[in-house]
Amino acid sequence: MSDPYSNLAMEDNDIQEQIADAMDARCKDPAQIAMRKKYLGDLELPKPAFAVEFGSGTGHVTHELVTIAGAAEAHGIEPSSVMVKRAQKYFSDKPNLTFSIGDAKETGLEDDSVDLVLMHTLLCHVPGPEDVISEAFRVLKQGGTLAICDGDYDTATTKISDFDPLDQVVRFMINQNVTNLWIMRQITEMLSQAGFLLGKRIGHGYVAGEDAKYFLTVIERGADKMAQVGLIYPSTAEALKSEANSRVANNKFFGFMSYVSQIAIKP
Ligand SMILES: C[S@@+](CC[C@H](N)C(=O)[O-])C[C@H]1O[C@@H](n2cnc3c(N)ncnc32)[C@H](O)[C@@H]1O
């Protein structure tokens, strides 16, 4: 398995920093923010509520548990110290926002202590997602909410015509960076088996904005990795990156992926 997100703390520092930059770019993308607002904005939480994000990355989505979902206090748990340090730096002025190094399968949180658990693009990277779901069930209070959102990776594309070579970079990137492409098509059964009641499920069509900042990080990382494993020559990787940048410069770039969010309640 090559998915670097599944054991990010063990990757070289440079790779972790590069991934953190990509996470920041995605978090700040207006279309991504709109998507998160859509499924986090209408949750019914008790007042005051304590929320935890499992797999909190650089912390922007944890912050939204307060600003969008309305929690009084939020905590992010994340195995990579590079990510945790960034999150702590970005939100050092927010006393109700904390981050710690940890594993979503064994958080150390007390039983029945959390009002909302969020997993935003976490489960696709975790071998054995059932263990993470069980941990959420354990720590949630009775009536507590689990919110899950992830990519429906088979739908990701940059194709603007048949035989578009740029699309191969996206397919390769997903092959190399996602552990379970089908997680959001399998999640309802996993949640039911863990004892959750199923709530709202929403499909979100994400289209890259004009500058395609996040999608360009996907193309750049994917083309470089193709060259690194010897699939193409470095000069071809440069040509593919240049193609993507030219499309953006000429308003010709198209990047799309569906995401699915699923709400569940601990009865
Ligand atoms: C794609 S990132 C998403 C980060 C953040 N939720 C966001 O949307 O910006 C996935 C994160 O999950 C973390 N992760 C992977 N396995 C984990 C585990 N077992 N427990 C907690 N976090 C994990 C990775 O280190 C990475 O930071």
Side-chain angles (χ1 to χ4, degrees), residues 1-13 15-29 31-40 51-65 67-69 74-88 90-91 97 99-109 114 116-136 138-139 146-153 156 173-174 176-181 183-184 204 206 213-215 217-218 221 257 259-261:
M1 176 167 322
S2 67
D3 177 359
Y5 292 83
S6 68
N7 203 351
L8 202 49
M10 299 309 288
E11 295 289 331
D12 287 349
N13 236 53
I15 302 270
Q16 293 191 53
E17 293 288 356
Q18 187 193 39
I19 286 179
D21 289 343
M23 272 186 216
D24 281 347
R26 192 183 67 173
C27 283
K28 291 176 186 166
D29 182 325
Q32 292 273 341
I33 295 172
M35 175 177 86
R36 299 195 297 265
K37 268 193 182 147
K38 201 163 169 196
Y39 80 89
L40 289 175
V52 179
E53 183 182 11
F54 290 6
S56 47
T58 54
H60 300 279
V61 186
T62 317
H63 182 220
E64 290 172 349
L65 294 178
T67 57
I68 297 178
H75 182 68
I77 295 177
E78 162 64 46
S80 156
S81 62
V82 170
M83 306 294 148
V84 170
K85 271 187 207 143
R86 270 204 200 198
Q88 285 170 336
Y90 293 158
F91 301 104
L97 206 53
F99 299 92
S100 64
I101 295 174
D103 184 346
K105 291 186 179 179
E106 211 173 335
T107 59
L109 293 164
V114 181
L116 167 65
V117 170
L118 172 66
M119 301 169 191
H120 187 86
T121 62
L122 164 70
L123 286 184
C124 70
H125 298 297
V126 182
E130 296 86 352
D131 298 341
V132 178
I133 292 169
S134 301
E135 179 67 357
R138 182 186 71 74
V139 304
L146 171 60
I148 299 176
C149 183
D150 223 310
D152 186 29
Y153 292 90
M173 189 60 182
I174 287 170
Q176 296 286 304
N177 283 274
V178 179
T179 297
N180 184 349
L181 273 68
I183 187 70
M184 291 315 291
H204 311 262
Y206 165 65
K213 207 166 172 200
Y214 169 63
F215 245 100
T217 74
V218 173
R221 288 178 293 152
M257 183 163 84
Y259 286 76
V260 177
S261 58

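Note that the structure is predicted; figures quoted are calculated from it, not measured. Both counts, for ligands and for their atoms, begin at 1 and track the order of listing. The figures here come from the full heavy-atom set of this structure, side chains too, leaving out hydrogens, waters and symmetry mates.
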Does any N or O atom in Val61 lie less than 3.5 angstrom from one in ligand 1, N or O only?
no
Between Gly59 and Phe99, the two heavy atoms sitting closest are CA-CE2, 3.6 Å
To the nearest 0.5 angstrom, please state how far the CG atom of Asp29 sits from the CZ atom of Phe215.
10.0 Å
Quick check: does Lys105 get an N/O under 3.5 Å from an N/O on ligand 1?
no
Shortest non-hydrogen contact from Gly128 to Lys105?
O-CE, 3.6 Å
Below 3.5 Å, N or O to N or O, backbone or side chain included: is there any such pair between His125 and ligand 1?
no
For Met83, is at least one N or O under 3.5 Å away from an N or O on ligand 1?
no
Identified salt bridge (charged side-chain N to carboxylate O under 4.0 Å, His left out) partner of Asp21 from the options Arg26, Arg86, Lys28
Arg86
The protein heavy atom nearest to atom 1 (C) of ligand 1 is Thr121 O, 3.4 Å
Where does Ala9 meet ligand 1, judged by heavy-atom distances below 4.0 Å: at the side chain, the backbone, both, or neither?
neither
Run the contact test for Glu78 against ligand 1 with a 4.0 Å cut-off on heavy atoms, strictly below, and give the result.
yes
Which residue supplies the protein heavy atom nearest to atom 12 (O) of ligand 1, what is that atom called, and how far is it?
Leu122 CD1, 3.4 Å
Can you pull out the closest protein heavy atom to atom 5 (C) of ligand 1? Residue, atom name and distance to 0.1 Å, please.
Gly55 O, 3.4 Å
Take every heavy atom of Ser80, measure it against each atom of ligand 1, and state whether any distance is under 4.0 Å.
no
Relative to ligand 1, is Leu8 under 4.0 angstrom through side chain, backbone, both or neither, heavy atoms considered?
side chain
Taking the non-hydrogen atoms of Tyr5, is any one of them nearer than 4.0 angstrom to ligand 1?
yes
May I ask you to check if ligand 1 and Glu53 share an N or O to N or O distance below 3.5 Å?
yes
Does atom CD (Glu130) have a neighbourhood of more than 12 heavy atoms from anything else shown, all under 6.0 Å?
yes
